[in-house]
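Working notes, beginning with the structure itself.
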Amino acid sequence: MRRLIALLATCATAALGLTALLSPEASAAPGCRVDYTVTNQWSGGFQAGVKVTNLGDPMNGWTLRFALPDAGQKVVQGWSATWSQSGPTVTVAAADWNRTLATGASADIGFTGSLTGANPKPTAFTVNGVACTGSVGEPTPTPTPTPTPTPTPTPTPTPTSTNPGGSGTPVGINGQLHVCGVHLCNQYNRPIQLRGMSTHGLQWFSQCNSATSLDALAKDWKADLLRIAMYVQENGYETDPAGFTARVNNLVDLAEARGMYALIDFHTLTPGDPNYNLARAKTFFASVAARNAGKKNVIYEIANEPNGVSWAGIKSYAEQVIPVIRAADPDAVVIVGTRGWSSLGVSDGASESEIVNAPVNAANIMYAFHFYAASHKDNYRATVSRAAAQLPLFVTEFGTVSASGAGAMDRASSTAWLDLLDQLDISYANWTFSDASESSAALRPGTCTGSDYSSSGVLTESGALVKSRISTADDFPTS
Ligand code: IDC
């Protein structure tokens with residue numbers, strides 16, 4: 001894996017030029033730093049993360065400009081800002097939600113680019129017309145957009161799949177998904193089952209979501225799906241909305257480049273009432289839906305595990321968030337969490353009938369069901385068997401262990417569950433594709449600080465079982 005190289009450029013506070021004086025966005029006392037990081041590179045293309053940090057007075061609007069140093073470099077798609085290019089000059093205008101930058105605050109943005117030759121990095125940046133000069137340095141200790149690089153002794157090129165939706169991949173075969181009847185259906189209007197993995201919390205385990213690890217997930221695990229678990233609390237989204245939004249978008253791209261679907265999980269957990277996060281959800285989904293509307297690989301999961309809240313409360317939340325997504329991305333599948341930690345109500349002593357009797361008033365949606373095999377057994381399986389005839393279900397999270405995420409793996413119950421999901425064509429994602437020190441993690445502790453994600457030695461007992469199930473050949477219908 002190549003080393004990350006960041007360019008640090010510090011704006012000269014004295015160099016307030018004419019452009020800045022004319023710009024309504026210019027700060028009285030400007031000052032900024034730009035970290036430019038090539039996060040991925042392949043034959044013919046690359047991806048870069050750009051962090052704009054305001055070191056001057058608070059800014060209420062900013063425009064970043066830089067020149068791409070090689071004529072063969074072109075911006076293909078940028079995110080979290082409005083990107084344009086004229087000749088070598090790239091102009092990046094803040095998005096509504098990151099235009100205000102307090103002193104010391106940053107905006108994480110990024111882009112994918114094409115290139116025909118070498119990939120030199122820009123060395124000069126302006127923010128609001130103020131020329132920045134600086135020196136080449138290492139990444140700053142502040143959080144960088146995923147993927148976090150996996151340190152390896154020797155920098156090596158990392159060839160990755162560069163054919164989004166390539167013909168043989170899950171996205172290449174199935175294309176844009178939709179709900180038909182109670183099933184998830186592909187572009188041929190035929191039911192399919194997606195099998196994949198969930199990340200752990202991005203705030204803790206982003207090192208497990210590198211280009212290398214996701215190559216292994218796509219190629220060795222043959223996963224169809226990456227669930228991107230973005231916690232809202234617990235040092236997650238609420239602490240840095242722009243940064244977490246950028247990380248999610250980056251993972252959507254990494255999944256897309258490998259032909260995998262990306263399930264964007266707004267990982268609410270505590271507090272359990274999703275309405276607590278309603279305003280955040282609207283802001284987040286407006287942004288990711290607008291940014292990813294043109295992609296075929298995105299599915300939205302609007303609330304991980306509602307708990308301590310009635311179905312009416314969840315339904316009300318869903319009916320306010322879904323229109324925000326639809327306004328930007330009309331055709332994507334949306335998944336709604338269910339009562340009792342997404343147990344269809346069973347863990348609260350209820351059942352799926354409360355949903356059947358009062359479904360969310362929206363089309364092209366599914367309902368989430370979660371289980372942990374050592375905790376949730378026959379009565380939950382009976383519920384799923386029954387509910388699957390009436391409601392489109394998606395197991396967006398399950399564990400082979402107890403609901404705490406720890407304890408012994410229950411092989412018999414896990415196998416019974418996966419057999420049932422296969423039989424019903426219900427898609428699933430396993431918690432977690434990480435090396436957390438807990439038995440639900442698929443990778444042994446320490447795996448994500450290395451570069452080997454493929455050998456059997458890196459798998460936990462749970463990882464070995466789940467990989468053996470996920471990596472069997474898909475049988476996606478193509479007509
Ligand atoms: C767990 C993690 C654990 C973390 C805890 C609190 O495995 O490391 O400390 O969350 O954030 C869920 C949740 C999921 C839980 C998981 C295991 O969706 O966030 O992860 N679980 O407890 N529902 C049932 C189980």
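Atoms considered below: every heavy atom in the structure, side chains included; atoms not considered: hydrogens, waters and symmetry mates. Note that ligands are numbered from 1 as they come in the structure, with each ligand's atoms numbered from 1 the same way.
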Any idea which protein heavy atom is nearest [atom], and the distance to it?
| atom | value |
| --- | --- |
| atom 8 (O) of ligand 1 | E438 OE1, 2.8 Å |
| atom 24 (C) of ligand 1 | Y372 CE1, 3.2 Å |
| atom 22 (O) of ligand 1 | A403 O, 2.9 Å |
| atom 12 (C) of ligand 1 | E397 OE2, 3.0 Å |

Could you say whether the N/O atoms of [X] and ligand 1 ever approach to under 3.5 Å?
| X | value |
| --- | --- |
| L269 | no |
| E234 | yes |
| W204 | no |

Q. Is the shortest distance from a heavy atom of W431 to ligand 1 less than 4.0 Å?
A. yes

**Q.** Within-shell test, A436 vs ligand 1, heavy atom, strictly < 4.0 Å
**A.** no

Q: List the steps, then state whether salt bridge (Lys or Arg N to Asp or Glu O under 4.0 Å) holds for D224 with R258.
A: CA-CA 9 Å; D224 310 319; R258 291 157 180 78; over 6 Å; no

Q) What atoms of ligand 1 come within less than 4.0 Å of a heavy atom belonging to N304? A) 18 (O)

Q) For ligand 1, which atoms sit closer than 4.0 Å to a heavy atom of H267? A) 13 (C), 14 (C), 18 (O), 19 (O)

Q) Taking the six-membered ring of Y188, is NZ or CZ of R190 closer than 6.0 Å to its centre and within 45° of its axis? A) no

**Q.** Lys/Arg cation over aromatic W417: R381, 6.0 Å, 45° cone
**A.** yes

**Q.** Flag: protein heavy atom within less than 4.0 Å of atom 10 (O) of ligand 1
**A.** yes

Q.
Testing the basics here: between A303 and Y317, what is the closest heavy-atom pair and its distance to 0.1 Å?
A. CB-CE2, 3.8 Å

Q | Over 12 non-hydrogen atoms of neighbours within 6.0 angstrom of CG in N379 | A | yes

Q: On the 0 to 90° scale, with breaks at 30° and 60°, tag the H200-F205 ring pair as parallel, tilted or perpendicular.
A: tilted

With a heavy-atom distance limit of 4.0 Å, tell me whether [X] approaches ligand 1 through its side chain, its backbone, both, or neither.
| X | result |
| --- | --- |
| H200 | side chain |
| S404 | backbone |
| Y231 | side chain |

Q) Just checking, any donor-acceptor pair under 3.5 angstrom between side chains of T53 and S106? A) yes

Q. Are a donor atom and an acceptor atom from the side chains of Q233 and N277 found within less than 3.5 Å of each other?
A. yes

Q: In sequence, state the C-alpha distance, the side-chain angles, and the governing distance for L465 and M409, and then conclude on side chain to side chain contact (heavy atoms under 4.5 Å, CB included).
A: CA-CA 10 Å; L465 173 65; M409 182 178 93; 3.9 Å; yes

Q.
Check for me whether the distance between the ring centres of F266 and F284 falls short of 6.0 Å.
A. yes

